[in-house]
Amino acid sequence: DAKTTQPPSMDCAEGRAANLPCNHSTISGNEYVYWYRQIHSQGPQYIIHGLKNNETNEMASLIITEDRKSSTLILPHATLRDTAVYYCIVRVATNAGKSTFGDGTTLTVKP
Amino acid sequence: AAGVIQSPRHLIKEKRETATLKCYPIPRHDTVYWYQQGPGQDPQFLISFYEKMQSDKGSIPDRFSAQQFSDYHSELNMSSLELGDSALYFCASSARGHSYEQYFGPGTRLTVT
């Protein structure tokens, strides 16, 4: 699985957009980008994933660069409940695809 | 919507005892994954099963074993417990035919004294 690099921490004002970057320069052609978040000691929560096209769901948007070497998770209107550790994970989309959690980004949403 | 169920939620054991953690995947999910998260650490993959067969293996100690049953639930068996086994243990499940995004349960907090 490709290694990812994320900033260790970020702050965001409540109601503003939170943009969380992730570098995955060694990503392979068949590997997807997945984003999860973990709110203190709870089970990680799936947010969104993509292969090469930008994706949007009810929680967030995922922007993947054309060369696929980096991506950005966007929370359009951050709330205090979005304070969590955010993990960017790159892996193949198979039933044996374990998720390798690296050092994620601690996002703190401030009032 | 139904989520992954893990039991028990909390477990306290003494050194050298055994423990069994259970995981019930989301209905129609056929793959189960186990992760261990020590204090202040990121989740670490232990093992996964697809259709009752082991599909991948991570840094799971030889003292641990796991299996998936015909109803797709899974059990993680831990023997000769050590203090360092104290951690949160998460189970996740995914469904074939999708992009294999994993849905995690609430975890079992194991404390070894």
Side-chain angles (χ1 to χ4, degrees), chain A residues 1-9 22 27 30-60 62 64 71 73 84-107, chain B residues 1 3-6 9-10 23 25-26 28-60 68 72 87-111:
Chain A
D1 294 340
K3 180 174 175 57
T4 61
T5 303
Q6 300 177 248
S9 64
C22 179
I27 191 171
N30 63 345
E31 289 181 316
Y32 285 68
V33 180
Y34 296 80
W35 282 84
Y36 293 83
R37 72 181 182 184
Q38 186 174 29
I39 298 171
H40 183 61
S41 294
Q42 296 182 21
Q45 179 188 20
Y46 164 77
I47 301 173
I48 198 168
H49 73 278
L51 181 62
K52 54 183 178 181
N53 297 321
N54 298 337
E55 303 287 345
T56 296
N57 63 19
E58 65 279 4
M59 289 184 66
L62 175 60
I64 302 174
S71 60
L73 178 74
V85 179
Y86 287 76
Y87 294 99
C88 167
I89 293 169
V90 173
R91 66 172 178 86
V92 293
T94 70
N95 52 31
K98 64 179 182 286
S99 292
T100 300
F101 288 82
D103 297 330
T105 297
T106 298
L107 174 68
Chain B
V4 175
I5 297 172
Q6 291 188 245
R9 294 293 309 279
H10 301 272
C23 169
I26 293 171
R28 292 180 294 282
H29 281 199
D30 53 15
T31 305
V32 170
Y33 313 77
W34 286 96
Y35 293 82
Q36 177 191 58
Q37 186 173 28
Q41 298 180 357
D42 302 309
Q44 298 296 313
F45 172 75
L46 293 178
I47 196 166
S48 62
F49 292 88
Y50 166 65
E51 287 289 347
K52 302 176 285 294
M53 298 288 289
Q54 180 182 306
S55 56
D56 203 353
K57 190 173 182 179
S59 51
I60 183 170
Q68 185 181 32
Y72 296 106
L88 274 167
Y89 290 84
F90 292 108
C91 171
S93 70
S94 67
R96 181 170 49 141
H98 292 254
S99 299
Y100 299 98
E101 63 269 22
Q102 297 173 11
Y103 294 89
F104 286 75
T108 293
R109 181 175 294 280
L110 172 67
T111 302

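Sequence lines set the chain letters: A, B, ... in the order given, protein chains first and strands last, and positions in each chain run from 1.
Proximity to chain A is limited to the backbone of B:P106, based on heavy atoms less than 4.5 angstrom apart. Looking at B:E51, there are no atoms closer than 4.5 Å to chain A (heavy atoms on both sides), in backbone or side chain. Within the 4.5 angstrom heavy-atom criterion, only side-chain atoms of B:Q37, from C-beta onward, approach chain A.
Applying the ring-ring contact (aromatic ring centres under 6.0 Å, His included) criterion to B:F104, with sequence neighbours excluded, gives A:Y36, A:F101, B:Y35. Partners of A:L51 under the side chain to side chain contact (heavy atoms under 4.5 Å, CB included) rule, at least two apart in sequence or in another chain, are A:Y32, A:R68.
When all heavy atoms are compared, the tightest approach of A:Y87 to B:P43 is OH-CD, 3.8 Å.
To the nearest 0.5 Å, atoms CZ (A:R91) and CZ (B:F45) are separated by 10.0 Å.
For residues 42-50 of chain A, a heavy-atom distance under 4.5 Å to chain B picks out A:Q42, A:G43, A:P44, A:Y46, A:H49, given by residue number.
Annotation for A:D103: atom CG does not count as buried by contact number, only 12 or fewer foreign heavy atoms lying within 6.0 Å.
Contacts classified as salt bridge (charged side-chain N to carboxylate O under 4.0 Å, His left out) and involving residues 39-55 of chain A (residues at least two apart or in different chains) are not found.
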